[in-house]
Colleague: 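Would you mind keeping the following structure in view while I ask a few things?
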Amino acid sequence: MPKTAIIVFPGSNSEEETLRAVQAAGGKGRLVWWFEGPDALKGFDAFILPGGFAHEDRIRAGAVAARDPIMIAVLDAARSGAPVLGICNGAQVLVEAGLVPGTDKIGKPQAALAPNVQGHYVDRYAEIELAAPPERCLFTRHLEPGTRIPTWSSHGEGRFCFRDDHTRRRILDEHLVVFTYVGGAHNGAEFDCAALTNPPGNVLAIMPHPERAGWRYQQLERVRFEARGDREAFLAPCGGSRLFALFAQVFA
Amino acid sequence: MLALSTSELDRISELIGREPSRVELYAFDAGWSEHCSYKSSRVHLRRLPTEGATVLLGVGEDAGILDLGEVDGVRYGVVVAHESHNHPSQVVPYEGAATGIGGIVRDVLCMGGTLIGLLDPLRFGRGDLEGHAHQRYVAQSVVDGIGGYGNAIGVPNLGGDVYWDESFDDNCLVNVVALGLVRADEVVHSRVPASADGWNLILVGKATDASGFGGAAFSSLTLDEEQAEANKGAVQVPDPFLKSVLMRATYRTLRGLRELNVRDPGFKDLGAGGVLGCSAELVAAGGMGADIDLDAVHVSVGDLAAEVIATGETQERMLWAVPAGAPTELLLRIYNEQFGLPHVSRGARASVIGRVRADRRYTMRHRGEVVVDVPVDALTSGIRYEREIAEAPNRESSDPVLHGDAAVLLLRVLAHRDVCSREPLIRRYDRVVRGTTVIPAGHGDAGVIAPIPGSALGVAVSVDGNPRYGKLNARVAGELAVCESARNVAAVGGEPIGLTDCLNFGDPTKSPQMGELVEAIEGIGDAARALGLPYVSGNVSLYNESAGGSSVAPSPIIACIGRVADVSHTAGFAFKSPNSVIVLLGPRSGALGGSVIAEVCGADGGMLPRASFGALRGELDVVRAGFADLTIYGAHDVSDGGLLACVAEMCMGADGCNGVGARLEPAAAWAPGVPELAAWFGEAGGFVVEVPPEDAETFIARARTAGAQAVRIGQTLAEPRLIAGGSDVALSELASAWLTPLEDLYA
């Protein structure tokens with residue numbers, strides 16, 4: 001059984017439920033706090049950067065956290081093929097760190113997460129759809145093509161933007177947009193992108209939160225209603241939980 | 001600027017036997033302010049019910065605690081706090097609203113609680129109308145401030161409400177309710193224990209600066225246009241980033257102290273009166289005194305005056321009382337080294353600033369000089385006034401006769417600012433962080449969370465208070481606020497177990513305004529007693545006035561907390577299925593006072609609907625029983641906009657796309673003798689309940705046995721239409737009227 005580290009920066013706020021989502025999917029892990037330093041990440045097989053406002057989102061969302069010393073270990077692990085999942089603020093950190101979709105030859109990030117078109121924070125339910133071939137990304141290999149997954153989108157800067165047309169072509173050719181928003185991106189993201197991977201497919205930056213729609217009780221009224229009165233089913237993992245399945249598997 | 005009166009100054013000299021020092025003057029100014037001492041309201045607040053089987057910890061500390069129940073042999077409590085930040089939010093809306101959240105979060109934290117939810121009742125001036133740019137700015141910035149703070153610290157918004165009224169043009173109301181979760185055996189108190197002689201007092205958090213100086217006194221005066229600039233200095237500066245780290249460091253400290261078997265540490269939020277107000281109350285509540293060294297207080301700039309360090313209200317600070325030795329070392333290590341507060345915010349840290357002493361004397365030293373030396377009780381016992389009370393004006397009158405077409409009026413009612421969808425506003429708040437949300441704000445009459453991972457035990461919570469009612473009759477408005485909050489909790493499947501109040505009124509030195517406060521206290525007390533619900537915390541905010549000196553709409557705002565035995569037995573208000581029977585609980589009446597329909601029709605006057613407590617108890621019981629044995633699908637309370645707006649919302653659902661229609665019988669069939677438009681749109685309280693057809697008869701019989709009036713008024717339809725009152729409207733048309741009005745301000 002692999003061990004997953006949920007990395008807590010100063011300002012992270014979704015660490016507890018993210019750990020619970022890993023455990024609910026059958027995985028093992030623990031919170032690793034920024035002050036434990038990069039060495040504390042030795043012995044972990046997979047990494048999650050949870051939601052929040054790491055380092056107060058100073059300069060830009062994720063910009064300072066991407067340069068936090070603990071990220072040295074995450075970058076090394078990502079480059080050696082370990083699974084790294086960034087959710088919401090965690091996705092912003094991965095993009096700022098240049099892990100998704102990758103950097104150019106001189107190390108410049110090829111994407112950014114710009115403010116939503118609304119110009120402010122938006123909290124709403126959002127269904128996402130697998131837009132890449134399932135085998136494109138480690139986290140989706142077990143899913144059927146076109147699988148839809150419920151999530152809750154809660155962010156102010158979630159609009160995926162790409163550097164130039166050359167990058168856009170590469171993104172499309174290499175199927176790096178793993179999930180798109182059903183019905184279009186409410187935040188104005190290019191290609192309706194909800195989640196972006198890197199070329200090897202071991203790093204996934206996802207803006208909406210699967211762990212906020214990862215149990216039956218968190219689903220929309222109609223889905224909850226199907227299990228009404230059934231306590232066990234109500235508290236059972238479903239929906240967004242499927243994106244955490246990898247953390248319970250032995251990695252290739 | 002001191003707010004003390006000359007007679008109060010004389011009292012101080014008498015009490016301490018000499019002229020007070022400069023720092024002592026500021027100390028009394030804060031300690032005796034309305035904000036801290038409740039000097040006008042306390043004698044009346046005693047009449048509220050505060051005891052009951054569900055009370056784990058009653059009023060008197062930073063927050064009260066209600067008994068939520070047991071999970072695996074462990075008893076859990078819900079920590080409940082209710083505060084206002086009205087004046088700061090009017091002067092500096094973003095910071096004022098944000099620090100309102102910041103302050104109340106500390107109240108919950110200091111009881112040993114984990115933050116599990118926030119609710120925000122808001123009252124704005126006419127910011128929704130053209131030509132009211134400032135009110136619009138306030139309405140937008142307050143919501144930005146709440147989101148900016150609450151979203152960052154990761155506490156979900158569970159509800160709230162918003163009303164718009166010209167009486168709030170110069171004085172908005174920004175109240176906030178915070179909930180926490182605590183194990184009953186791990187409650188921490190806002191007082192030192194009897195064994196605390198010689199314990200260290202440790203100040204934790206932001207470096208003290210000059211912000212928030214004079215805050216307690218400022219919030220106890222009426223807002224003066226000319227002093228607006230000067231008052232800005234009395235508003236604190238929010239730092240949600242520091243708070244986010246402080247919260248997590250505090251959770252770890254609480255755990256660490258338990259591991260060291262430290263019994264009964266003292267822990268209190270620094271709010272009004274700063275270091276002095278907090279430390280004096282913390283030790284006085286345990287019958288002790290303290291010696292404080294102001295030079296040990298960590299400050300952001302070197303040359304702060306002693307009275308600023310002593311009483312300034314810099315945000316993000318709390319005070320611990322723990323034994324010297326290992327507990328003190330643990331605390332300093334966690335805050336200063338592990339979580340590295342100094343790296344999070346410049347100058348932030350934990351500092352030992354004084355010691356508890358056994359003799360009830362309170363001293364402060366600054367640069368070698370004693371600047372305060374008084375009996376601690378002189379500071380904390382405050383003063384009381386028996387204000388002159390004039391009879392509160394009752395502005396009710398005979399009900400108007402309304403005319404119009406129900407379908408046309410429904411569209412206008414749904415688009416009314418007090419009825420329309422709150423979704424554009426609520427979307428500014430994070431409703432689902434922590435992953436515990438079951439019914440998000442806006443999807444049910446109350447928010448529901450399951451705060452204990454793996455357990456089905458839940459909390460339901462709603463906050464209510466209608467200023468249109470307050471304007472007509474403060475006492476009845478208070479009664480109705482209690483009834484509505486309890487109904488809302490029941491409407492999602494919760495069992496009401498307790499209340500918290502925030503009383504927002506005008507100038508207590510004006511006898512009619514004082515009269516309104518006293519009447520409202522009577523009203524909220526009577527209703528609570530009738531429903532068997534205790535108050536476990538509360539707040540009073542006075543001097544809320546317009547520039548012209550008239551009071552804001554008297555606003556008793558009530559939150560009801562409910563226990564949910566099993567969250568799989570809860571539901572939001574949206575209709576679940578076609579062919580359900582629609583049952584109305586609660587009689588209709590001709591009362592139209594304060595109603596949305598009267599305003600839409602341009603009619604004046606009217607009577608407020610009256611609560612029938614006995615019938616309401618029956619309604620609450622039968623709705624709860626229906627959720628418990630799954631014989632109802634869901635419920636929605638009848639309030640703003642009346643019955644037809646209520647049914648329309650159930651058809652539309654929170655997102656407007658639910659698509660279950662309804663056909664309602666003619667009003668004469670279920671409300672004989674009531675004028676037709678009053679039946680459709682009157683705001684007499686009640687429930688609309690969706691019942692599966694096979695259970696309808698039993699449900700109605702059960703309700704009648706319980707003493708509630710129950711009548712079948714129609715059925716749900718597969719077609720997305722609302723057929724009622726001789727008209728037939730597509731739900732899409734209703735939705736476009738209902739969903740969009742607040743988009744202009746918030747989308």
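Model, not experiment: these values are computed from the prediction. Chain A is the first sequence line, chain B the second, and so forth, proteins listed ahead of strands; every chain is numbered from 1.
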Colleague: Would you say A:Asn13's side chain and B:Asn151's backbone share a donor-acceptor pair under 3.5 angstrom?
Modeller: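 It does hold such a pair.
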
Colleague: So for A:Tyr121, is it side chain, backbone, both, or neither that comes closer than 4.5 Å to the heavy atoms of chain B?
Modeller: both

Colleague: Highest number of heavy-atom pairs under 4.5 Å with chain B: which of A:Gln118, A:Glu16, A:Arg124?
Modeller: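 Heavy-atom pairs under 4.5 Å are most numerous for A:Arg124.
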
Colleague: Heavy-atom distance under 4.5 Å to chain A: side chain of B:Tyr633, backbone, both or neither?
Modeller: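 Backbone plus side chain of B:Tyr633, per the 4.5 Å heavy-atom cut-off to chain A.
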
Colleague: Checking heavy atoms, do the side chain of A:Thr18, its backbone, both or neither come under 4.5 Å from chain B?
Modeller: neither

Colleague: Taking the side chain as every heavy atom from C-beta outward, state whether A:Glu56 and B:Val344 have any pair of such atoms under 4.5 Å apart.
Modeller: no

Colleague: How are the rings of B:Phe241 and A:His55 set relative to one another: parallel (under 30°), tilted (30 to 60°) or perpendicular (over 60°)?
Modeller: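 Rings of B:Phe241 and A:His55: tilted, as their planes differ by 30° to 60°.
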
Colleague: Locate the shortest heavy-atom distance separating B:Val438 from A:Phe234; write the atom from each residue and the value.
Modeller: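 Of all heavy-atom pairs spanning B:Val438 and A:Phe234, the closest is CG1-CE2, 4.1 Å.
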
Colleague: For B:Pro240, is it the side chain, the backbone, both, or neither that has a heavy atom closer than 4.5 Å to a heavy atom of chain A?
Modeller: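 Answer is neither: B:Pro240 stays 4.5 Å or more from chain A.
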
Colleague: Please round to the nearest 0.5 Å and tell me the distance separating atom CG of A:Leu235 and atom CG of B:Asp566.
Modeller: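 Separation between the atoms: 7.5 Å.
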
Colleague: So, taking the atom named NE2 in A:His120 and the one named CG in B:Asp144, what distance separates them when rounded to the nearest 0.5 Å?
Modeller: 8.5 Å

Colleague: State, to 0.1 Å, how close B:Ser244 and A:Gly11 come at their nearest heavy-atom pair, and which atoms those are.
Modeller: OG-CA, 3.9 Å

Colleague: Quickly, which of B:Thr437, B:Thr436, B:Asp430 forms a side-chain hydrogen bond (donor to acceptor under 3.5 Å, both in side chains) with A:Arg212? Name it, please.
Modeller: B:Asp430

Colleague: Report which part of A:Glu15 has an atom under 4.5 Å of a heavy atom belonging to chain B: side chain, backbone, both, or neither.
Modeller: side chain

Colleague: Measure from NZ or CZ of B:Arg248 to the centre of the six-membered ring of A:Trp33, then state whether that distance is under 6.0 Å and the direction lies within 45° of the axis.
Modeller: no

Colleague: Go through the steps to decide whether A:His209 and B:Val433 satisfy the test side-chain contact (heavy atoms from CB on, under 4.5 Å), and finish with yes or no.
Modeller: CA-CA 9 Å; A:His209 293 263; B:Val433 63; over 6 Å; no

Colleague: Any idea how B:His443 and A:Trp152 line up, ring-wise: parallel (<30°), tilted (30 to 60°), or perpendicular (>60°)?
Modeller: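 Aromatic pair B:His443/A:Trp152 classed tilted.
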
Colleague: For chain A, which candidate among B:Gly653, B:Ala450, B:Gly147, B:Ala747 shows the most heavy-atom pairs at distances under 4.5 Å?
Modeller: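 Max contact count across the listed options: B:Ala747.
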
Colleague: Spell out, as yes or no, whether a donor-acceptor pair under 3.5 Å connects the side chain of A:Gln218 to the backbone of B:Gly435.
Modeller: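 It does hold such a pair.
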
Colleague: Only pairs of heavy atoms separated by less than 4.5 Å count here; which of B:Ala152, B:Gly148, B:Gly154 has the most with chain A?
Modeller: B:Ala152

Colleague: If I take atom CZ from residue A:Arg231 and atom OG from residue B:Ser455, how far apart are they, to the nearest 0.5 angstrom?
Modeller: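 A:Arg231 CZ to B:Ser455 OG: 7.5 Å, rounded to 0.5 Å.
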
Colleague: Can you tell which part of B:Phe339 gets under 4.5 Å to a heavy atom of chain A, answering side chain, backbone, both or neither?
Modeller: both

Colleague: How long is the gap from OH on A:Tyr217 to OG1 on B:Thr570, to the nearest 0.5 Å?
Modeller: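 It is 12.0 Å, given to the nearest 0.5 Å.
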
Colleague: I'd like to know if the side chain of B:Arg431 and the backbone of A:Asp123 have a donor-acceptor N/O pair within less than 3.5 Å.
Modeller: yes

Colleague: Determine whether more than 12 heavy atoms belonging to other residues, nucleotides or ligands lie under 6.0 Å from atom CD of A:Glu232.
Modeller: no

Colleague: What's the spacing between A:Arg228 CZ and B:Lys576 NZ if we round to 0.5 Å?
Modeller: 8.5 Å

Colleague: With distance as the sole test, does A:Glu221 use its side chain to make a donor-acceptor pair with the main-chain N or O of B:Gly572 at under 3.5 Å?
Modeller: yes

Colleague: Non-hydrogen atoms of chain A under 4.5 Å away: do they reach the side chain of B:Leu242, the backbone, both or neither?
Modeller: neither

Colleague: Please check this pair: side chain of A:Arg222 against backbone of B:Asn658, looking for a donor-acceptor N/O pair closer than 3.5 Å.
Modeller: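 It does hold such a pair.
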
